[in-house]
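Predicted, not measured: the structure shown is a model, and the values here were computed from it. Heavy-atom basis, side chains included; hydrogens, waters and symmetry copies ignored.
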Amino acid sequence: MAVSVDKTSLLDMKMNEVFDWSDSTLPVRDAIWDHFMEASNHNTDKTTVEAKKYDDMSEADLKPAVEKLLK
């Protein structure tokens, strides 16, 4: 039997739904990925390592960390 999970992670929400300072409709996860891709000169291996840290964060820690990173 499959288990249904209704909770949507903050990572899957659009930037402009989470942050009042953003007008981006990208999901937060994609905005983080894009940031690290640019910062690492499009090195996928480095980006994967950096972005993984945000996947492992609690929801309470995630929003301030993303705001600090992207604002």
Any pair counted as side-chain hydrogen bond (donor to acceptor under 3.5 Å, both in side chains), so long as it reaches residues 15-28, sequence neighbours left out: Trp21-Glu67
Side-chain heavy-atom pair Leu26, Lys14 within 4.5 angstrom cut-off: no
Heavy-atom pair with the smallest gap, counting every atom of Pro64 and Ala60: CD-O, 3.3 Å
Heavy-atom closest contact (Tyr54 atom, Leu11 atom, distance): O-CD1, 3.9 Å
Criterion side-chain contact (heavy atoms from CB on, under 4.5 Å) on Leu70 and Phe19, from CA distance to verdict: CA-CA 10 Å; Leu70 300 178; Phe19 303 106; 5.8 Å; no
side-chain hydrogen bond (donor to acceptor under 3.5 Å, both in side chains) against Lys68, all qualifying residues, sequence neighbours excluded: none
4.5 Å side-chain heavy-atom contact, Met13 and Pro27: no
Salt bridge (charged side-chain N to carboxylate O under 4.0 Å, His left out) pairs, two or more places apart, involving residues 26-44: Asp12-Arg29, Arg29-Asp55
Separation of Met15 CE from Leu10 CG (nearest 0.5 Å): 9.5 Å
Qualifying residues under side-chain contact (heavy atoms from CB on, under 4.5 Å), relative to Ala39, sequence neighbours excluded: none
Any pair counted as salt bridge (charged side-chain N to carboxylate O under 4.0 Å, His left out), so long as it reaches residues 40-51, sequence neighbours left out: Glu50-Lys53
Remaining members of the apolar cluster that contains Met37, side-chain heavy atoms under 4.5 Å: Trp33
Criterion side-chain contact (heavy atoms from CB on, under 4.5 Å) on Val49 and Phe36, from CA distance to verdict: CA-CA 10 Å; Val49 169; Phe36 285 120; over 6 Å; no
